[in-house]
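Working notes, structure below.
If you're wondering where the values come from, they're calculated on a predicted model, not measured in any experiment. Below, chain A is the first sequence line, B the second, and so on; all start at residue 1.
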Number of protein chains: 2
Amino acid sequence: MKPTQKHTIHDIAMRIGTSASTVSAALNGTWKARRIKEETAQRIIALAREMGYSVNLQARGLRTARSGLVGLILPEHSNRFFSDLSQSFTVEARARSQCPVIIATARKPEEELSTVRDLMGYSIDALFVAGAADPSQISDICRAAQLPHVFIDQPCPGAPSVITDNETGARQLTEAIIDTLAPHSPALEGTGREKVYLLGGDARLHASSRRIAGFQSAITAHFGKCDADQVIACGYEPEVAQTEIQALYARLGGLPAGLFANSINVFEEVLRFLSQRPEIELGAFSLGCFDYEPYGALLRLPVHMVRQRHLELVRTAWELLDKPGSTDLVTVPPELCLARPRRLPPEG
Amino acid sequence: MKPTQKHTIHDIAMRIGTSASTVSAALNGTWKARRIKEETAQRIIALAREMGYSVNLQARGLRTARSGLVGLILPEHSNRFFSDLSQSFTVEARARSQCPVIIATARKPEEELSTVRDLMGYSIDALFVAGAADPSQISDICRAAQLPHVFIDQPCPGAPSVITDNETGARQLTEAIIDTLAPHSPALEGTGREKVYLLGGDARLHASSRRIAGFQSAITAHFGKCDADQVIACGYEPEVAQTEIQALYARLGGLPAGLFANSINVFEEVLRFLSQRPEIELGAFSLGCFDYEPYGALLRLPVHMVRQRHLELVRTAWELLDKPGSTDLVTVPPELCLARPRRLPPEG
DNA sequence: TTAATATGCAACAACGATTGTGCAGGCGTT
DNA sequence: AACGCCTGCACAATCGTTGTTGCATATTAA
């Protein structure tokens, strides 16, 4: 017996004694509209199943100028948020019987562009972009090719975008940090250790600037003011964050009352720093992170976190594609993951 | 001006005043072999670039019965190992100018199979499978369709597979745990608290059984014996693991000398449990995890970890595809990530 | 000078599906 | 009986590329 060959609708047509177009109609569900007798259609479907036939999607795509593929471009896989996004994207794509193609481009603009072009070569039906280095250029290319596209977690002027409500999230997180501050200690007054600080992020970026605004608003509402030194937007580099947290500790002569870590990387550095401090110091420290990491809940230190609603983001993005031109920028509120209250007294 | 249309090689041919086949040859690099004058080829290439032409990969794929797509099937994106794998897979695919298509199938056999069929519909050039619920059925389908495929981190009889050397990794991890045991305390002798335990995993599964063997071998080498109660292969369910760790703690009247967490889920439960214990108890506790999680290094407790070499696994898998029939099962040693020594004395 | 060989390209037939069009036969109507 | 309509399907064009074949010229060998 020959090795199993690939079957085509012509093979099926020959064996049923009908034409390829009839087989096509029977198999892709248009047989009713094409006035194929139900019995004929059923015979074809049965035989196709028996032969293990499956359509050649490239041929279909060539003919229809579509492909059933939807692309998602993101910077990296190895990151909670993006892998959560991949997960939701996959689920949603399959729910719409589309095939997800998720590609990480390492934040390199050239790679982003070449990936976009590649995907367009496959005639993808839509492109989702999360965290690109150069959004507008991508948007330009897509628009030129009339490819429906949408940005996630990143606003792109002129293109539909869905982003997290950073300001509200930051305000809520800050309030949570304030709520769990240790009882006021007069001894710290005026040392700077009685204040809450925000660490990390780049004030020039949209997301960071909104978060800073939310932080300042909550701080001002509670303390009546927010000093300039309370915002340390030192970027996203781990090394820099490590340096800054050490500098802050040295300057204050100890941990501050509370800290708002502006990204997961910064949070990681804060933990790294804290892991070297005696546990006793952590007793009066209130920590929050604008990002989500399940391990945060497993620490001995309560940590408040903000989690982006990845499923909501993806769903909203898809809706934006469905009704084009409706709104260009949609925000989705994040989820606040409050730490459970401290269960252990500072002293064993 | 009309909206930018898609260009084809015919458009280019017309504008240059040549034929489509010449354009095709010029653009896909076969022009030398097809005896096209260099100058003609260059003119075509220049015009194509100017027009922003890009090949229709579906048409090419239809013609050549290939697609440039390579598939990777995995259970979920939101898991360190799998997202690392995705990352490496992406890099390697692009290095071979293939387009990675990574699909998570939630460990559901039906979804795995339908995904495989879907991908085959796109004429993918190869399929990588990591952590499928039903490997042999997938392998059967691929073989029937003569689709090159390879399993990663999971052996499949009759199909090329590349897996981590679980036994060696487990032995090394156990040795590391033993090396960092607290000084022997005569008071604990005979209570069971002087022993090291393995928690989690399913002894019927290949990976777990090798790990258990490695654990037992290291324990026996050091202590002269390994009691049956030291291996608690209670599966991978978080709830069960939580129950078991609590039961062990209750039975022993405290933490054991050391613990080998057999998977990341179990490790998470162990941390959850530990986060409720006073820090003083952790001073004499030695912990290891057969899996990798960067946050493990940020804990106040030193944790040894075993990390699968995802890049190596992926590379090896690709090599297995390149020289078919060479070897069916290849193992790759994992990487041991030793915790740095404890820096803080148990007492602040 | 003639024949053989090389060069440079055009024509054309696939690849496997979709889809607009056409046509035969059966039926009902006037 | 002639006409139109409905049913059920076949035919053929088409999508954009690739690779085979063939056919002119141009060049060299004999």
Among [options], find the nucleotide with the atom closest to the side chain of [X].
| X | options | result |
| --- | --- | --- |
| A:Leu62 | D:dT17, C:dG16, D:dA10 | C:dG16 |
| B:Thr8 | D:dC9, C:dA17, D:dG16 | D:dG16 |
| B:Thr40 | C:dC9, C:dA17, D:dT17 | C:dC9 |
| B:Lys37 | D:dC9, C:dA17, C:dG8 | C:dG8 |
| B:Ser21 | C:dA17, D:dA10, C:dA11 | C:dA11 |
| A:Arg60 | D:dC9, C:dA11, C:dA17 | C:dA17 |

Could you state the [atom1]-[atom2] distance from [X] to [N], rounded to the nearest angstrom?
| X | N | atom1 | atom2 | answer |
| --- | --- | --- | --- | --- |
| B:Asn28 | D:dT20 | CG | C1' | 15 Å |
| B:Trp31 | C:dG8 | CH2 | P | 10 Å |
| A:Ile44 | D:dC9 | CD1 | C1' | 10 Å |
| A:His10 | C:dA14 | NE2 | P | 12 Å |
| A:Glu39 | D:dG8 | CD | P | 11 Å |
| B:Met120 | C:dA17 | CE | P | 13 Å |
| A:Leu27 | C:dT19 | CG | C1' | 15 Å |
| A:Met14 | D:dA10 | CE | C1' | 14 Å |

Please figure out whether B:Ala41 or A:Asn56 has its closest DNA chain C nucleotide nearer the 5' end.
-> B:Ala41

Taking for each residue the nucleotide of DNA chain C bearing the nearest heavy atom, is the 5' side occupied by B:Ala59 or by B:Arg34?
-> B:Arg34

With sugar-phosphate meaning primed atoms plus P, OP1 and OP2, does [X] contact a base, only sugar-phosphate, or nothing at under 4.0 Å between heavy atoms?
| X | value |
| --- | --- |
| A:Gly17 | sugar-phosphate |
| A:Thr18 | sugar-phosphate |
| B:Arg35 | base |

Please work out which of the three classes, parallel, tilted or perpendicular, describes the rings of A:Phe128 and A:Trp318, given edges at 30° and 60°.
-> tilted

Quick check: does any side chain N or O of B:Ser54 sit under 3.5 Å from a backbone N or O of B:Gly52, one acting as donor and the other as acceptor?
-> no

Taking only the side-chain nitrogens and oxygens of A:Tyr122, find out if one of them lies under 4.0 Å from OP1 or OP2 of D:dG16.
-> no

Is B:Arg96 salt-bridged to B:Asp125, cutoff N-O under 4.0 Å?
->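 B:Asp125 and B:Arg96: not salt-bridged.
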
Short N-O contact, B:Arg315 and B:Glu319, less than 4.0 angstrom | no

Cut-off 3.5 Å, side chains only: do A:Ser114 and B:Arg94 have a donor facing an acceptor?
-> yes

Given DNA chain D, 5'-ward residue of the pair A:Ala20 and B:Ser24, judged by closest heavy atom |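 The answer here is A:Ala20.
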
Close side-chain approach of A:Arg43 to A:Thr18, heavy-atom, < 4.5 Å =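 With C-beta onward as the side chain, the pair stays apart.
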
